[in-house]
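Naming convention: chains lettered A, B, ... in sequence-line order (proteins, then strands); numbering from 1 in each chain. Worth knowing before you read on, the calculation uses all heavy atoms, side chains too, and leaves out hydrogens, waters and symmetry mates.
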2 protein chains.
Amino acid sequence: MTTPRSLRGSYAKSEGRRQEIVSAAVEVFSATGFHKGSLREVADRVGLSQAGLLHHFPSKERLLEAVLTWRDDDSAERLGAPLPEGVDLLRGYVQLVENNTRTPELMELHTLLSAEGTSADHPLHDYFVNRNTMVLGLTLKALEHAEAHGQLQPDVDCHSAARSIIALWDGLQVQWLLLHGDFDIASDLRRYIQTLLTVQL
Amino acid sequence: MTTPRSLRGSYAKSEGRRQEIVSAAVEVFSATGFHKGSLREVADRVGLSQAGLLHHFPSKERLLEAVLTWRDDDSAERLGAPLPEGVDLLRGYVQLVENNTRTPELMELHTLLSAEGTSADHPLHDYFVNRNTMVLGLTLKALEHAEAHGQLQPDVDCHSAARSIIALWDGLQVQWLLLHGDFDIASDLRRYIQTLLTVQL
DNA sequence: GTCTATATACTGATAGAC
DNA sequence: GTCTATCAGTATATAGAC
């Protein structure tokens, strides 16, 4: 796991501590979700009192925000900058999902928090709505790019296909977690995306 | 919403009360999940004290169990008995998903609890593992039935397709909740299943 | 930067009156 | 069958010493 850009840089002294805390928070929130996961348990894992932890993050919500931002930065870095276009982005998705397999705690975190975040009164509802809209838009653009280059099967509805790619991705992760990694997520996702294309994925 | 079989029958007196409680519990657990949702709030909604509620369900976990059983019975009743075979079951899925659109609280409950349930130490982990295995098996059987009747496209992998149908279903619901019902889940699901078949869905 | 101590609130569950 | 009262546990967050 690499260190995302936003966590490197100038405030190196206490940023190291912050990174430790974020890592511990990932573990705790992955296992129990945001609501149930407690600051005390996060603090224990980094050998800090609960009050000591709150010196670095003023509230539970801000800590969770840091966790999510960290994960997004990490994913973006994995996809590469600038972001690949068209079919290349879809290839990146498959690689990303395969990579996520190696950090099940993070996958669990994403799955659980996405579900919690559907509630309108969840502290991070807006974050998840925006994130979903963004990812959906990105995927749609990739499909339209492929279509413009004759790489898309004739009767594919780009909007529906974009939704389905993301939905399949998320849903396969739920099942993978439930079945304790009993199948290959990436290969199922690749198989579906391949049916949309005229070129090899 | 009809009343599932398991909630009708002999103990009609207090079963009415139990049903009220289960309905309220659906609302509460849908909004906040099992962990965060409180018995007190459920009790308030049915005009009962928290202790009064615990007379009907001895623990929070038993209440949730009742909620889930109720929902499964309701879905099974909707699909019809005996359960349809092959392509007919898949048609039932599409109708079911369309119907779920009319009770977003239940959809939210399922989405949230499925995610919570992936955690090995969740009180209902086993329930969700078993349920997933069952649904997966059912879907696989339907696909193999279709295959045996020449209704399946030639290079479809039944196991992968079964996983994908369920995953797409679940994932589309997450997005639908997040986007506040901005698209037609059933039509996206139907579109995917149709690509697997040689007959009209 | 980290601690102890504490304020305040809410949790699930139990005991026992009516 | 429903209540009040209460227990023991846990939560986030704050105040202030060091």
(message) Whole angstroms only, please: what is the CD-C1' distance between A:Glu15 and C:dG1?
(response)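 Interatomic distance, CD of A:Glu15 to C1' of C:dG1: 14 Å.
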
(request) Provide the full list of side chain to side chain donor-acceptor pair (under 3.5 Å) pairs with a residue in residues 22-40 of chain A, sequence neighbours left out, each pair given once. (result)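 Pairs touching residues 22-40 of chain A that pass the test: A:Gln19-A:Ser23, A:Glu27-A:Arg45.
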
(request) Output every pair passing side chain to side chain donor-acceptor pair (under 3.5 Å) with a member in residues 58-68 of chain B, not counting sequence neighbours, ordered by first then second residue. (result)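 Not a single pair qualifies under side chain to side chain donor-acceptor pair (under 3.5 Å).
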
Indicate every side-chain donor-acceptor pair of residues 132-143 of chain A with a distance under 3.5 Å to a residue at least two apart or in another chain.
from: A:Thr133; atom 1: OG1; to: A:Val129; atom 2: O; distance (Å): 2.8
from: A:Thr139; atom 1: OG1; to: A:Tyr93; atom 2: OH; distance (Å): 2.8
from: A:Thr139; atom 1: OG1; to: A:Val135; atom 2: O; distance (Å): 2.8

Could I get the full list of side-chain hydrogen bond (donor to acceptor under 3.5 Å, both in side chains) partners for [X], not counting sequence neighbours?
X: B:Gln151; result: none
X: B:Tyr192; result: none
X: A:Glu20; result: A:Arg17

(message) Once ring pair (Phe, Tyr, Trp, His ring centres under 6.0 Å) is applied, do any residues pair with A:His145, and if so which ones, sequence neighbours excluded?
(response)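 Once residues adjacent in sequence are excluded, the partners of A:His145 under the ring pair (Phe, Tyr, Trp, His ring centres under 6.0 Å) criterion are A:His149.
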
(request) Provide the full list of ring-ring contact (aromatic ring centres under 6.0 Å, His included) pairs with a residue in residues 40-61 of chain B, sequence neighbours left out, each pair given once. (result)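 Passing the test, one end in residues 40-61 of chain B: no pairs.
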
Please tabulate, for side-chain N and O atoms in residues 164-183 of chain B, each donor-acceptor pair with protein atoms closer than 3.5 Å (sequence neighbours left out).
from: B:Ser164; atom 1: OG; to: B:Ser160; atom 2: O; distance (Å): 2.9
from: B:Gln175; atom 1: NE2; to: A:Arg163; atom 2: O; distance (Å): 3.0
from: B:Trp176; atom 1: NE1; to: B:Phe183; atom 2: O; distance (Å): 3.2

(request) Decide ring-ring contact (aromatic ring centres under 6.0 Å, His included) for A:His122 and A:Phe128; before the verdict, give the C-alpha distance in whole Å, the side-chain angles of both, and the deciding distance to 0.1 Å. (result) CA-CA 10 Å; A:His122 193 280; A:Phe128 278 106; 7.1 Å; no

(request) Please list, by residue number, the residues of residues 111-119 of chain B whose heavy atoms come closer than 4.0 Å to an atom of DNA chain C; answer none if no residue qualifies. (result)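 Per residue number, the list is empty: none.
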
(request) Mind listing the residues from residues 32-50 of chain B sitting with a heavy atom below 4.0 Å of DNA chain C? Number order is fine. (result)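 Within this stretch, B:Gly37, B:Ser38, B:Leu39, B:Arg40, B:Gln50 sit under 4.0 Å of the strand.
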
(request) Could you identify which residues of residues 52-65 of chain A place a heavy atom less than 4.0 Å from some atom of DNA chain D, listed by residue number, or say none? (result)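 Those residues whose heavy atoms fall under 4.0 Å from DNA chain D, taken from residues 52-65 of chain A in numerical order, are A:Leu54, A:Ser59, A:Lys60.
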
